[in-house]
Visitor: 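Handing you this structure, nothing more for now.
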Amino acid sequence: MTKFDFDAKYFNPGHTLDCGQVFRFRPHKDGFIALSADKACFVRSDGFKTVVESDDCDYFYNYFDLNRDYSKIVEKAKSFDIPLLTRSAEICKGLRILNQNREEMIYSFIISQNNNIPRIKGIINRICEGLGEKRSSPFGEYYTFPSSQTLAETDVSFFKAAGAGYRDCYLVETSKRISAEGISRLEGLDAAALKKELLTYKGVGPKVADCISVFGFGKTDSFPVDTWVEKVYKEDFGGRLKDRNKIAEYFVNAFGEYSSFVQQYLFYGKRLNL
């Protein structure tokens, strides 16, 4: 087990993990256990330094996007001179967009559609406990996220029992496709082409595709639109569009390569009523 630390000013684990982009984490002592694919870490902050402990610190250094200078992103967000965005970027400057396992993100966000975060977390946990491998660590036991092959070989009744509801068939069909094809053809595509391809997977709609693009493939020029972002659009931008695809296009045109960061500040800021 090794560890590293980072300036807490631009790495707040609470804000980063609690902003709706990830579902496999839980409070532990004075911090959190974060899980990704078959790996685990313990992350905590004292307000000055954020410390990460793991058997694979290189993985989690990248996972928490620590090679990117967020001070420039925060200042750019504030330069748009939008009150909610300015407040949120300042107060939540330690929020970082994660680089998550791509296949895990596809399944996680299929589960997320028309769902709430506690239920999403519960479904994913039950899938990991039922199909993943049990591992031990200095901060407790955990289960890995199952492979696409394992998911593909599982009967739909398991996913229904896990609480996936109508999404059970989506998980089965998409995992069978990914198990057979892999996802290498998705790598290297620009945001528009990636979204188009993701929409061909069973259970992936526009918002889910945008989430996968941002949190799995690092497409910073994507802008997921949900009910919170619709609220932001109407209340803080005076928008009148009804079509979420057009709303997403509006935001991408406005914020370009900073879209995903702006989206997270606006989404989280609205949830926190900043």
Side-chain angles (χ1 to χ4, degrees), residues 1-68 70 92-109 111-112 115-148 150-151 154 158 162-164 211-212 214-216 218 264 268 271-272:
M1 185 65 57
T2 56
K3 64 182 178 180
F4 64 85
D5 60 62
F6 197 86
D7 182 1
K9 182 178 181 180
Y10 291 105
F11 182 13
N12 182 314
H15 287 170
T16 297
L17 295 170
D18 192 42
C19 65
Q21 63 175 317
V22 63
F23 308 108
R24 292 181 67 216
F25 70 94
R26 61 179 182 267
H28 180 72
K29 295 184 178 179
D30 57 344
F32 303 89
I33 293 173
L35 306 172
S36 179
D38 61 347
K39 304 180 189 303
C41 78
F42 175 56
V43 56
R44 67 186 187 280
S45 179
D46 61 7
F48 298 97
K49 287 185 177 181
T50 295
V51 179
V52 177
E53 298 179 48
S54 176
D55 283 331
D56 195 338
C57 281
D58 288 343
Y59 181 89
F60 282 102
Y61 199 90
N62 177 68
Y63 175 84
F64 288 114
D65 203 31
L66 298 178
N67 285 308
R68 196 187 305 266
Y70 274 65
C92 303
K93 60 167 61 78
L95 188 163
R96 307 184 75 89
I97 292 182
L98 303 174
N99 294 310
Q100 301 184 62
N101 179 273
R102 292 171 174 175
E103 291 188 19
E104 182 176 333
M105 284 301 90
I106 292 172
Y107 304 121
S108 294
F109 279 97
I111 291 168
S112 78
N115 217 339
N116 60 63
I117 290 176
R119 283 197 74 244
I120 298 164
K121 292 177 71 173
I123 294 166
I124 293 173
N125 283 340
R126 287 188 287 275
I127 289 173
C128 291
E129 289 173 1
L131 301 177
E133 296 179 12
K134 191 174 184 179
R135 300 276 179 90
S136 61
S137 75
F139 29 85
E141 295 180 337
Y142 68 96
Y143 290 85
T144 64
F145 194 91
S147 67
S148 290
T150 298
L151 293 171
T154 302
F158 170 84
C211 286
I212 296 167
V214 174
F215 308 129
Q264 283 292 275
Y268 199 51
R271 275 184 57 197
L272 295 179

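The structure displayed is predicted, hence computed values, not measured ones.
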Visitor: How about Ser112 and Cys211: do any of their side-chain heavy atoms sit closer than 4.5 Å?
Guide: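 SC-SC contact between Ser112 and Cys211 ruled out.
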Visitor: Roughly how far, to the nearest 0.5 Å, is SG of Cys128 from CD1 of Ile123?
Guide: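 With rounding to 0.5 Å, CD1 (Ile123) is 12.0 Å from SG (Cys128).
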Visitor: Test: salt bridge (Lys or Arg N to Asp or Glu O under 4.0 Å). Region: residues 32-48. Which pairs qualify, not counting sequence neighbours?
Guide: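 Qualifying pairs: Lys39-Asp56, Arg44-Glu53.
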Visitor: Output every pair passing ring pair (Phe, Tyr, Trp, His ring centres under 6.0 Å) with a member in residues 123-144, not counting sequence neighbours, ordered by first then second residue.
Guide: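 Ring pair (Phe, Tyr, Trp, His ring centres under 6.0 Å) check on residues 123-144 returns no pairs.
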Visitor: Could you check whether any side-chain N or O of Thr16 sits under 3.5 Å from a backbone N or O of Gly94, counting only pairs where one atom can act as donor and the other as acceptor?
Guide: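 Yes, Thr16 side chain to Gly94 backbone: donor-acceptor pair under 3.5 Å.
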Visitor: Regarding Lys134 and Glu141, does a basic nitrogen lie under 4.0 Å from an acidic carboxylate oxygen?
Guide: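 Between Glu141 and Lys134 there is a salt bridge, with a charged N closer than 4.0 Å to a carboxylate O.
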Visitor: Would you confirm whether Asp65, through its side chain, and Arg68, through its main-chain N or O, come within 3.5 Å as a donor-acceptor pair?
Guide: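 Side chain of Asp65 to backbone of Arg68: no pair is present.
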Visitor: What's the shortest heavy-atom distance between Ser36 and Tyr59, and which atoms?
Guide: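 The answer is OG-OH, 2.6 Å.
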Visitor: Which heavy atom of Ile212 sits nearest a heavy atom of Ile106, and at what distance?
Guide: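 For Ile212 and Ile106, the tightest heavy-atom pair comes out as CD1-CA, 3.7 Å.
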Visitor: Is the shortest side-chain N to carboxylate O distance from Arg135 to Glu133 below 4.0 Å?
Guide: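 Glu133 and Arg135: salt-bridged.
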Visitor: Quick one: does Ile97's side chain get under 4.5 Å of Val214's, heavy atoms only?
Guide: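 Result yes, sub-4.5 Å side-chain heavy-atom pair found.
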Visitor: Given side chains that start at C-beta, do those of Arg24 and Phe145 come closer than 4.5 Å, heavy atoms only?
Guide: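 Side-chain contact under 4.5 Å: yes.
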Visitor: Please test Phe25 against Lys121 for side chain to side chain contact (heavy atoms under 4.5 Å, CB included), starting from the C-alpha separation and ending with a verdict.
Guide: CA-CA 9 Å; Phe25 70 94; Lys121 292 177 71 173; 3.8 Å; yes
Visitor: Would you indicate whether the side-chain heavy atoms of Leu151 and Tyr107 approach each other to under 4.5 Å?
Guide: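 Side-chain contact under 4.5 Å: yes.
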Visitor: Quick one: pull up CZ in Phe23 and CD in Gln100 and give me the separation to the nearest 0.5 Å.
Guide: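 Separation between the atoms: 8.0 Å.
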Visitor: Is it true that the NZ or CZ of Lys9 lies under 6.0 Å from the centre of Tyr70's six-membered ring and within 45 degrees of the ring axis?
Guide: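 No, Lys9 does not sit over the ring of Tyr70.
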Visitor: So which atom in Ala34 and which in Phe64 form the shortest heavy-atom distance, rounded to 0.1 Å?
Guide: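 Nearest pair, atom of Ala34 first, then Phe64: CB-CZ, 4.4 Å.
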Visitor: Quick one, Phe158 and Leu131 - any side-chain contact, counting heavy atoms below 4.5 Å?
Guide: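 Yes. Closest side-chain heavy atoms under 4.5 Å.
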Visitor: Mind checking whether Phe4 and Leu66 have side chains closer than 4.5 Å, heavy atoms only?
Guide: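 Counting from C-beta outward, Phe4 and Leu66 do come under 4.5 Å.
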Visitor: Could you check whether any side-chain N or O of Asn115 sits under 3.5 Å from a backbone N or O of Ile111, counting only pairs where one atom can act as donor and the other as acceptor?
Guide: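 Indeed, once roles are kept as given, a pair shorter than 3.5 Å links the two residues.
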Visitor: Considering all heavy atoms of both residues, which atom of Thr154 and which atom of Thr150 are nearest to each other, and what is their separation?
Guide: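 The answer is OG1-O, 2.7 Å.
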Visitor: Do you know which two heavy atoms are closest between Ala40 and Ser54, and how far apart they sit?
Guide: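 Answer, listing the atom of Ala40 first, then Ser54: O-OG, 3.0 Å.
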Visitor: Quick one, Ile124 and Glu104 - any side-chain contact, counting heavy atoms below 4.5 Å?
Guide: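 Contact flag for Ile124/Glu104 side chains = no.
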Visitor: Verify side chain to side chain contact (heavy atoms under 4.5 Å, CB included) between Lys93 and Tyr10, making sure each step is shown before the conclusion.
Guide: CA-CA 6 Å; Lys93 60 167 61 78; Tyr10 291 105; 3.8 Å; yes
Visitor: Under the side chain to side chain contact (heavy atoms under 4.5 Å, CB included) rule, collect the residues that match up with Asp55, sequence neighbours excluded.
Guide: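 By the side chain to side chain contact (heavy atoms under 4.5 Å, CB included) rule, Asp55 matches Met1.
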Visitor: Out of curiosity, Asn99 CG to Met105 CE, how far, rounded to the nearest 0.5 Å?
Guide: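 One finds 11.0 Å between CG of Asn99 and CE of Met105.
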Visitor: Which heavy atom in Arg271 sits nearest to a heavy atom in Asp18, and how many Å separate them?
Guide: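 Shortest heavy-atom contact: NH1-O, 3.2 Å.
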Visitor: Atom SG in Cys92, atom CG in Asn12: separation rounded to 0.5 Å?
Guide: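 CG of Asn12 is found 8.0 Å from SG of Cys92.
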Visitor: Please check: side-chain N/O of Thr50 versus main-chain N/O of Phe11, any donor-acceptor pairing under 3.5 Å?
Guide: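 At least one qualifying donor-acceptor pair exists.
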Visitor: Can you tell me how far the CD atom of Glu129 sits from the CD1 atom of Ile127, to the nearest 0.5 Å?
Guide: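 Here the rounded value is 11.0 Å.
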Visitor: Compare all side-chain heavy atoms of Tyr268 with those of Leu95 and state whether any distance is below 4.5 angstrom.
Guide: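 They are in contact (side-chain heavy atoms under 4.5 Å apart), so the answer is yes.
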